[in-house]
Number of protein chains: 2
Amino acid sequence: MMYVNIDFNSDEAIYIQLRNQIIYGIATSQIQEGDYLPSVRELAEYIGINMHTVNKAYSILKQEGYVKLDRRKGAIIAIDIDKMQAIEDMKEELRVTLAKAICKDVSCQEAIEVVKEIFKEFERG
Amino acid sequence: MMYVNIDFNSDEAIYIQLRNQIIYGIATSQIQEGDYLPSVRELAEYIGINMHTVNKAYSILKQEGYVKLDRRKGAIIAIDIDKMQAIEDMKEELRVTLAKAICKDVSCQEAIEVVKEIFKEFERG
DNA sequence: TATCTGTTATATAAATTATATAACAATCAG
DNA sequence: CTGATTGTTATATAATTTATATAACAGATA
């Protein structure tokens with residue numbers, strides 16, 4: 001079973017935290033293409049949250065192209081790679097993140113260093 | 001007056017959109033250190049939203065170290081530069097953004113290219 | 001057949017978001 | 001001093017989002 005840790009005091013919604021951690025799991029190769037995720041009921045009980053909260057996370061992951069959902073089989077990691085779209089989505093998020101950084105006097109080189117660090121983090125997992 | 005454009009159909013809260021656009025304004029040097037923002041009542045009427053929604057945006061900007069608020073004078077751009085903190089905050093956001101990108105097969109070099117593009121965007125504004 | 005799957009449908013409660021008034025103390029122009 | 005404007009604070013209300021609780025359905029499969 002994949003490592004999952006929900007912070008119930010976070011201002012981030014539980015289903016968003018869960019979605020992000022599953023994406024971390026994929027990015028760090030803890031879970032791979034073809035792997036099964038726990039069923040919504042199973043994972044809900046394991047974490048101690050409602051079935052629908054897990055279902056919401058799974059539905060978003062499906063919509064965003066990270067998993068496929070099948071009856072009986074459950075959720076399977078299946079990345080739908082639309083690189084053009086992915087880069088566009090990334091760019092949109094980076095605009096906000098980097099605008100904040102620029103205001104705080106962070107340079108392009110410093111931002112690039114952090115990007116490199118994070119890529120190294122994910123290569124190991 | 002700074003350019004502000006709120007999308008009322010967005011899933012992003014109005015006060016968050018407003019905060020982000022003010023940060024864009026600073027990052028692109030449309031507004032600078034020492035400049036005044038419109039009063040909460042003035043900007044609210046201009047955009048067509050409630051005074052408290054603008055106040056919420058200003059309060060967050062204050063808390064995050066982008067403005068100072070004075071009675072009578074209103075809100076003044078005043079960047080509190082804590083670079084260590086800024087880089088740490090940036091890193092935390094980048095972890096989510098880049099994890100998604102990595103799942104979609106985006107390389108480190110491609111991410112870096114996008115960072116460079118955005119820095120160029122902001123240099124001009 | 002019996003069980004487990006995602007899915008869908010309600011219902012409810014809590015929290016967040018946005019609005020509407022109102023009032024306060026500080027500030028400053030006249 | 002007067003009057004007007006500022007951010008600030010306090011309520012109240014409505015809509016939306018988030019999370020939970022049950023329940024039932026159809027498809028898959030051991």
Side-chain angles (χ1 to χ4, degrees), chain A residues 1-2 4-22 31 34-80 96, chain B residues 1-2 4-22 31 34-80 96:
Chain A
M1 174 87 81
M2 214 195 80
V4 171
N5 186 22
I6 301 298
D7 176 6
F8 291 96
N9 295 323
S10 172
D11 54 339
E12 211 166 29
I14 294 173
Y15 77 93
I16 296 288
Q17 291 185 53
L18 183 53
R19 181 200 65 155
N20 287 347
Q21 294 199 19
I22 290 170
I31 40 177
D35 284 354
Y36 288 72
L37 291 176
S39 77
V40 291
R41 291 171 176 85
E42 197 180 341
L43 186 52
E45 191 177 16
Y46 172 71
I47 300 175
I49 58 175
N50 191 272
M51 186 198 79
H52 291 98
T53 306
V54 177
N55 195 53
K56 195 166 184 178
Y58 280 16
S59 297
I60 291 179
L61 286 167
K62 177 187 176 187
Q63 185 194 334
E64 295 178 335
Y66 295 98
V67 305
K68 283 187 178 176
L69 301 178
D70 283 325
R71 293 178 177 284
R72 182 63 181 175
K73 294 181 183 175
I76 307 173
I77 305 295
I79 315 289
D80 175 33
V96 184
Chain B
M1 171 90 79
M2 214 195 80
V4 172
N5 185 22
I6 300 299
D7 176 6
F8 291 96
N9 295 322
S10 171
D11 54 339
E12 214 168 26
I14 294 173
Y15 77 91
I16 295 290
Q17 290 184 54
L18 183 53
R19 180 200 65 156
N20 287 346
Q21 294 198 20
I22 291 170
I31 40 177
D35 284 353
Y36 288 72
L37 291 177
S39 77
V40 292
R41 291 172 176 84
E42 197 180 339
L43 187 52
E45 191 177 16
Y46 171 72
I47 300 176
I49 59 176
N50 191 272
M51 187 198 80
H52 292 96
T53 306
V54 178
N55 195 52
K56 195 165 183 178
Y58 280 15
S59 296
I60 291 179
L61 286 167
K62 177 186 176 186
Q63 185 192 334
E64 295 177 335
Y66 295 98
V67 305
K68 282 186 179 175
L69 302 179
D70 283 326
R71 293 178 176 283
R72 183 65 182 173
K73 295 180 182 176
I76 305 174
I77 305 295
I79 315 290
D80 174 34
V96 185

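Below, chain A is the first sequence line, B the second, and so on; all start at residue 1. Not measured: the values here are computed from a predicted model.
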Polar-atom pairs under 3.5 Å, protein N or O versus N or O of nucleotides 24-26 of chain C: list them with distances, or write none.
| unit_1 | atom_1 | unit_2 | atom_2 | d |
| --- | --- | --- | --- | --- |
| C:dA25 | N3 | B:R71 | NH1 | 3.3 |

Quiz item: Nearest heavy-atom pair of A:P38 and A:L43: which atoms, and what distance?
Solution: CB-CB, 4.0 Å

Practice problem: Decide yes or no on side chain to side chain contact (heavy atoms under 4.5 Å, CB included) for B:I6 and B:I49, but give the supporting numbers first. | Solution: CA-CA 10 Å; B:I6 300 299; B:I49 59 176; 5.6 Å; no

Practice problem: Could you name each residue pair satisfying side chain to side chain donor-acceptor pair (under 3.5 Å) that touches residues 48-61 of chain B, not counting sequence neighbours? | Solution: B:N50-B:H52

Practice problem: Please name all residues satisfying side-chain contact (heavy atoms from CB on, under 4.5 Å) with A:K68, sequence neighbours left out, ordered by chain then number. | Solution: A:A78

Exercise. Measure across B:L69 and B:A75 and return the closest heavy-atom pair with its distance rounded to 0.1 Å.
Key: CD2-CB, 3.3 Å

Quiz item: So A:I77 and A:Y66, side chain to side chain contact (heavy atoms under 4.5 Å, CB included) or not? Walk me through it.
Solution: CA-CA 6 Å; A:I77 305 295; A:Y66 295 98; over 6 Å; no

Quiz item: Between B:S39 and D:dT6, does any side-chain N or O lie under 4.0 Å from OP1 or OP2?
Solution: yes

Practice problem: Nearest whole angstrom, please: distance from the C1' of C:dG6 to the NZ of A:K68. | Solution: 16 Å

Quiz item: When every nucleotide of nucleotides 10-21 of chain C is labelled 5' to 3' by its protein contacts under 4.0 Å (heavy atoms), B for base, S for sugar-phosphate only, - for none, what sequence of letters results?
Solution: -------SSBBB

Quiz item: Quick one: side-chain contact (heavy atoms from CB on, under 4.5 Å) partners of A:D80, sequence neighbours excluded?
Solution: none

Exercise. Describe, as an angle rounded to 10 degrees, how the axis at the first end of the helix from C:dT1-D:dA30 to C:dG30-D:dC1 is tilted relative to the axis at the last end, five pairs per end.
Key: 20°

Exercise. With the side chain of B:Y58 defined as its heavy atoms from C-beta on, choose the nearest nucleotide among C:dT7, D:dG7, C:dT5.
Key: D:dG7

Quiz item: In whole Å, what is the span from the CG atom of B:L61 to the P atom of D:dG7?
Solution: 13 Å

Practice problem: Write down the distance between OH (A:Y36) and C1' (C:dG6), rounded to a whole number of angstrom. | Solution: 14 Å

Quiz item: Once you round it to whole Å, what is the distance between C1' of D:dT18 and CD1 of A:I6?
Solution: 14 Å

Please list every donor-acceptor pair under 3.5 Å in which a side-chain atom of residues 15-22 of chain B meets a protein atom from a residue at least two apart or in another chain.
| unit_1 | atom_1 | unit_2 | atom_2 | d |
| --- | --- | --- | --- | --- |
| B:Q17 | OE1 | B:D7 | N | 2.9 |
| B:Q17 | NE2 | B:D7 | O | 3.0 |
| B:Q17 | NE2 | B:E12 | O | 3.0 |
| B:R19 | NH1 | B:E64 | OE1 | 3.1 |
| B:R19 | NH1 | B:E64 | OE2 | 2.8 |
| B:Q21 | OE1 | B:N5 | N | 2.8 |
| B:Q21 | NE2 | B:N5 | O | 2.5 |

Self-check item: Passing candidate, side-chain contact (heavy atoms from CB on, under 4.5 Å) with A:V67, options A:I79, A:I31, A:L61, A:I76
Solution: A:L61

Quiz item: In whole angstroms, how far is the P atom of D:dG7 from the CD1 atom of B:I76?
Solution: 10 Å

Quiz item: Quick one: A:L69 CG to C:dT5 P, roughly how many Å, whole number?
Solution: 13 Å

Quiz item: In whole angstroms, how far is the C1' atom of C:dT8 from the NZ atom of A:K62?
Solution: 13 Å

